[in-house]
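Indexing begins at 1, ligand by ligand and atom by atom, following the structure's order. Values below: every heavy atom of this structure, side chains too, minus hydrogens, waters and symmetry copies. Residue indices begin at 1 and follow the sequence shown.
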Amino acid sequence: MVVNKEKTEANSEKLDIMQHSAAHVMAEAVQSIFPQAKFGIGPAIENGFYYDFDLPRSLTPDDLPLIEAKMNEIIASNVPFVRQEVTKEEARQLFAAQPYKLELIDEIQDEKVSLYRQGSFIDLCRGPHVSSTGEIKAFKLVSIAGAYWRGDEHHPMLQRIYGVAFDTKEALAQHLKKLDEAAKRDHRKLGRDLDLFSIHDEAGPGLVHWHPKGAVIRRLIENFLTDELIKRGYDMVYTPHIAKLDLWKTSGHWEFYRDYLYSPIEVEGQEYIIRPMNCLGHILIYKTKRRSYRELPLRYAELGTVYRYERSGVLHGLSRVRGFTQDDAHIFCRFGQLEDEVVGVLDLARFMIDTFGFTNYRVLLSTRPEKYAGTTQVWEEATETLRRALARIGLDYQIDPGEGVFYGPKVDIKFEDALGRAWQGPTIQVDFNLPQRFNVTYIGEDNQEHSVAMIHRTVLGSMERFLASLTEHYGGAFPVWLAPLQVKVIPVADRHLDYAHKLEAELKGEGVRAEVDARSERVNLKIRQAQLDKIPYMLVVGDKEVATSTVSVRLRSGEQLASQSYDSFKETVKLAIVNKAKDLRL
Ligand SMILES: [Zn+2]
Ligand SMILES: [Zn+2]
């Protein structure tokens, strides 16, 4: 495996400054086109910048070249960015016509406010910026989106323009190419084109409906994962989606996690909530008996669907949702077993990431935050245990200081997709809080009661987000074992339909997902459709194939393979599926 080195700090900071300076230039350009514009904020973001505007009319993509042209003029005139400090009162007067800026000024703690001016345009800003507009070497405005002021749907909806800026034209061109590729691979687009899933206003935002084809992929992932878990000594369990509010008070979720919880439902005078996590059900199962040290470790796994409130403004396709199914598990063990258990989870995590075809990943070990449960001593021991486990399995990692959850240290693995974008993958968290709150214990060799060590861990994260990552990684061209439909049989004419249906039935009998395209359309059109559907194999069958029991095989890439006997095709496809082969060529 490959561990990526982070961009050097200095390098990315310099780029951030240029990106952010470009946002100021964009704001000036927008002001010159819309003198009535009201300004929100304009930060640099990963790989770019944006600025939010309140404008008299909706922007269209046609506006972007006009704004760019204006920006180019400002850059060509190479005017300096000049810093200026004024009192809050002076700032209020300067921005009297800018309600959003006034709101920001009111929140500034200092008596002095810093402003930046380029030419006649002035903005409220802490800086820093490049010294003059000419230092913005290459930029492009890429999209327009709606964004609530301060991300809050109770506030006005502003118009956000996204842009990118780079040191060189080459770097910009390379980035734009990547954006273009990312747009083609966007799982929301492919999810629609390939008929994988949908989200409905009528049902509510962030709630995913899995269509038959998406459900095939999910079932394959879940079955593969479940089989692997059982091999590795996990027990599968099922627990309810709602539970009494009191249980969540005992756990501390009601206190610490309330913002993410849906309001209680009253049933027979008792309040219940929809679960945001699966942990508590597993604890209740554990606690149905007195557990001996001989039984440990116990590993309870569940494909547990949970519901968390997220603001509608931050929801995004399958990757940020309100209801999702985690491949969750909780391991109950003795403290002395913690290291082996973490090694076991890391090994499983690596196996899964590799099998699904992700080759680059980055490992982070998050340590004790300012507010924490348990003693510093148990934190140190557990963090040391995680370090030893990572070393034993040979994973390089970086420390994320203070980023552990309040109840224990954790390891996060982020994997990269084909475009080098990071996705949240496996997490392993040690928990000192819940065992204590629920008095989760075992009877030791000494016949005394001891507190268990508890691990929460997920490997794929959630089925929803994992499908998003797979879809974007493969651009919808899933490996043959995951493809919803693996073989499309395409008869040349109606007289070949019988043979085509015979192949379909035989392939299905062998567990291969096959289907005949029986429409009376031209062969080329059917091939084109199968390619758009990203079906791995197309079998074109005509007179010759019928007469000789052969098939003519085409791949979704357009590659044509040598004509071969049906039997040999069948055997190799079956092998490719069993081996989870990445290459379709037979
Ligand atoms: Zn600024
Ligand atoms: Zn948990």
Worksheet item: Considering the options Gln98, Lys101, His129, which one meets the side chain to side chain donor-acceptor pair (under 3.5 Å) requirement together with Asp123?
Response: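 Checked Gln98, Lys101, His129 against Asp123; only one passes side chain to side chain donor-acceptor pair (under 3.5 Å): Lys101.
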Discussion item. Counting neighbours of CD on Gln377 that are heavy atoms of other residues, nucleotides or ligands and sit closer than 6.0 Å, is the number greater than 12?
Written reply: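 No, the 6.0 Å shell around CD holds no more than 12 heavy atoms from other groups.
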Response to the item:
Checking distances from the Zn ion (ligand 2), one finds that the N, O or S atom of His456 closest to it is ND1
Discussion item. Salt bridge check, Arg218 against Glu464: does any charged N sit closer than 4.0 Å to a carboxylate O?
Written reply: yes
Discussion item. Using 2.8 Å as the threshold, say whether any N, O or S atom from Cys279 sits that close to the Zn ion (ligand 2).
Written reply: yes
Practice prompt. Tell me, please, whether Phe324 has Arg465 positioned over its six-membered ring: NZ or CZ under 6.0 Å from the ring centre and within 45 degrees of its axis?
Written response: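 So Arg465 doesn't make the cation-pi contact.
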Practice prompt. Compute the angle centred on the Zn ion (ligand 1) spanning NE2 of His20 and SG of Cys125, and express it rounded to 10 degrees.
Written response: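 Rounded to 10°, it measures 110°.
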Discussion item. Within rounding of 10°, what is the angle whose vertex is the Zn ion (ligand 1) and whose arms end at NE2 of His129 and NE2 of His24?
Written reply: 90°
